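Notes to accompany the following structure.
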Amino acid sequence: MPYQVFIETFGCQMNEYDTELVRSLLTKNGFVFTGDQSQADVVLMNTCAIRENAHNKVYGHLGECRVLKRERKVVVGVLGCMAQNLKKELMESDPVIDVLVGPDGYRQLPELLTRALEHQEKSLAVDLSEYETYEYILPDRGPGVNAWIAVMRGCDNFCSFCVVPYTRGRERSRTPEGILEEAQSLASRGYKQITLLGQNVNSYSSENWDFARLLTAVADIPGIERVRFTSPHPKDFPPSLLEAVAQHPRICRQIHLPLQAGNDRILDLMGRSYTRKDFLSLVEDIRRRGDIALSTDVICGFCSETDAEYLETYELLKALEFQAAYIFKYSERKHTIASRKYADDVPAQVKTERVARLIDLQKDISSKLNHRLIGQSVDVLIEGHAKKSRDQWMGHTESNVTVVWNKADSFTQPGNLVPVAVAEASASTLFGLRVASPLSLVCPD
Ligand code: SAH
Ligand code: SF4
Ligand code: F3S
């Protein structure tokens, strides 16, 4: 009987992608996957370390594993960024863990799991590599409309608050050949939307290929309807990249542009390498090229941030009117520059209040922008059934807003790009009616 593996993924899309790599590596070595934890011989967690609550989720699951292990023999493995960041300390702190493997060690996983299963051997693989890109390991993906491709791994920016350079190591890019081959194979299997991934995706570089060239080449592949990318750093937006986003019909006119803070002293302490003015002129440059939707990330309550400095961030978010903003409380992370150099001195309650005010502000902005679309038609790539009802479709606009509408015919299917008339809006979702158009009347088969 092959060993059955249950895997749970936490964190960002890069971790989702890595889970697909792990599935591929283990399947090739005779393991099979199960969606039922109670059947599993191996329970894996692919973990995140970005904020304290990411750690807490994993501690919760390790508690469940202890209960499981009391009932029967099961091997528990912790993968990913938290494994890499805490290394031996995590393994020693919890005897339930048998195998600990960081993001660059997945090729060793089949062997380490086999040793744990057959000889009860504990092991860890947490060496970071300057070269590992898992080139030519085709991730094991379920069928669908969306797929992601990691084009580079690691980060050399060392923003002072961020643990990623320590959990993912140095920046390295895959070859364009390997990426395009993967994208072509996705197109031939019917995927319609590809998201290019990297911790610092737009610093992609391989011989004379930069990110703009790579993005365009992926978008040129026949069959691919939409291409997106995440997460870029504001420092790497040459005009060629902005042109590609503005002009290419299949590159979504949408950019996630993490701001982090709107005050120059805080930006400097964060090591973000741009000022408020630099960020503003980049946004102007983008918006001069037409209607390109922007979203952002913000951290509240970074070390020594005053009320006045926070208000600068608040005012900037108010002025820039992002389509969406992800707002986080600063969470001190082990190893980071900030944890070594600055005091985490903004009281928890102040952080919470700052986050709440920004979330309220952003809700109003998103809601206002979405309400403006009422009465208009938006093109939506159908991704599947709505969460709440199988009688409704769900998809996203090019600007990445969720759209939900009632199914009206029997031939429309996931993967179709269809016009939808917006009838109602909330801060997060557009509710629509399907527009009868020549496009919608063509039977996809
Ligand atoms: N590479 C991306 C960010 C990846 S992490 C970039 O450069 O923008 C995603 C977001 O998590 C970050 O943009 C930041 O807003 C937030 N984040 C990272 N470290 C954090 C920390 N220590 N505390 C709170 N939020 C953090
Ligand atoms: Fe972290 Fe900064 Fe790298 Fe983004 S660019 S992953 S925030 S260090
Ligand atoms: Fe988390 Fe690692 Fe992604 S820390 S956000 S899983 S790169």
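Note that ligands are numbered from 1 as they come in the structure, with each ligand's atoms numbered from 1 the same way. Everything quoted here is computed from the prediction, not taken from an experiment. Along the sequence shown, residues are numbered consecutively beginning with 1.
A salt bridge links Arg141 with Glu182: the closest approach of a Lys/Arg side-chain nitrogen to an acidic carboxylate oxygen falls below 4.0 angstrom. With respect to the salt-bridge test (charged N to carboxylate O, under 4.0 angstrom), the residues Asp94 and Arg66 qualify. Ion pairing between a basic and an acidic side chain is recognised when a charged N comes within 4.0 Å of a carboxylate O; Arg115 and Glu111 show such pairing.
Using a non-hydrogen distance threshold of 4.0 Å, Ile299 registers as a contact of ligand 1. Within the 4.0 Å heavy-atom cutoff, Ala49 counts among the residues contacting ligand 3. The closest approach between a heavy atom of Lys329 and any atom of ligand 1 is below 4.0 Å.
Across the listed options Lys235, Arg333, Gln260, Gln260 owns the non-hydrogen atom lying nearest to atom 15 (O) of ligand 1. Proximity annotation for atom 7 (S) of ligand 2: of Met14, Gln199, Arg272, Met270, Arg272 comes nearest, heavy atoms only. Heavy-atom proximity to atom 25 (N) of ligand 1, evaluated over Glu52, Gln199, Arg51, Lys351, is greatest for Arg51.
Annotation: Phe161 places an N or O atom under 3.5 Å from an N or O atom of ligand 1; distance criterion only. At a 3.5 angstrom cut-off on N or O pairs, Asp297 counts as close to ligand 1. The shortest N or O to N or O distance between Tyr330 and ligand 1 is not below 3.5 Å.
Every atom of ligand 3 is numbered from 1 in the order shown, and the set under 4.0 Å from a heavy atom of Cys81 is 2 (Fe), 4 (S), 6 (S), 7 (S). Using a 4.0 Å cut-off to heavy atoms of Pro165, the atoms of ligand 2 that qualify are 8 (S). Against a heavy-atom cut-off of under 4.0 Å, Cys48 is close to the following atoms of ligand 3: 1 (Fe), 4 (S), 5 (S), 6 (S). In summary, the atoms of ligand 1 found under 4.0 Å from a heavy atom of Arg272, numbered by their order in the structure, are 7 (O), 8 (O). If you number the atoms of ligand 2 from 1 as listed, the ones under 4.0 Å from a heavy atom of Phe161 come out as 7 (S). Every atom of ligand 2 is numbered from 1 in the order shown, and the set under 4.0 Å from a heavy atom of Phe158 is 8 (S). Residue Asn15 approaches ligand 3 through these ligand atoms, each under 4.0 Å from one of its heavy atoms: 6 (S).
A donor-acceptor pair shorter than 3.5 Å can be found between the side chains of Gln362 and Ser366. Donor-acceptor pairing under 3.5 Å is recorded for the side chains of Asn370 and Gln323. Looking at Arg172 and Ser129, their side chains never bring a donor and an acceptor atom within 3.5 Å of each other. In the model, Thr195 has no side-chain atom that pairs as donor or acceptor with a side-chain atom of Gln13 under 3.5 Å.
When heavy-atom distances to ligand 3 are checked against a 4.0 Å cut-off, Gln199 comes that close only through its side chain, counted from C-beta outward. When heavy-atom distances to ligand 1 are checked against a 4.0 Å cut-off, Asn157 has no atom that comes that close, whether in backbone or side chain. Here Pro258 has side-chain heavy atoms under 4.0 Å from ligand 1, and that is the only part of it that gets that close. Both the backbone and the side chain of Cys12 come within contact range of ligand 3, each with a heavy atom under 4.0 Å. Contacts between Met82 and ligand 3 below 4.0 angstrom, taking non-hydrogen atoms only, are absent altogether.
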Candidate pair Asp344 and Lys351, rule salt bridge (Lys or Arg N to Asp or Glu O under 4.0 Å), full reasoning: CA-CA 11 Å; Asp344 179 13; Lys351 287 181 186 171; 2.9 Å; yes
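Environment of CD in Gln349: sparse, with no more than 12 heavy atoms of neighbouring residues, nucleotides or ligands closer than 6.0 Å. Enclosure of atom CG in Asp291 is not indicated, since only 12 or fewer non-hydrogen atoms of other residues, nucleotides or ligands lie within 6.0 angstrom.
Looking from atom 2 (Fe) of ligand 2 to the surrounding protein, the closest heavy atom is Cys159 SG, 2.3 Å. Annotation: atom 3 (Fe) of ligand 2 to nearest protein heavy atom, Cys155 SG, 2.2 Å.
Relative ring orientation between Tyr134 and Tyr106 is described as parallel, the plane-to-plane angle staying below 30° on a 0-90° scale split at 30° and 60°.
The distance from the OH atom of Tyr204 to the CD1 atom of Ile179 is 3.5 Å, given to the nearest 0.5 Å.
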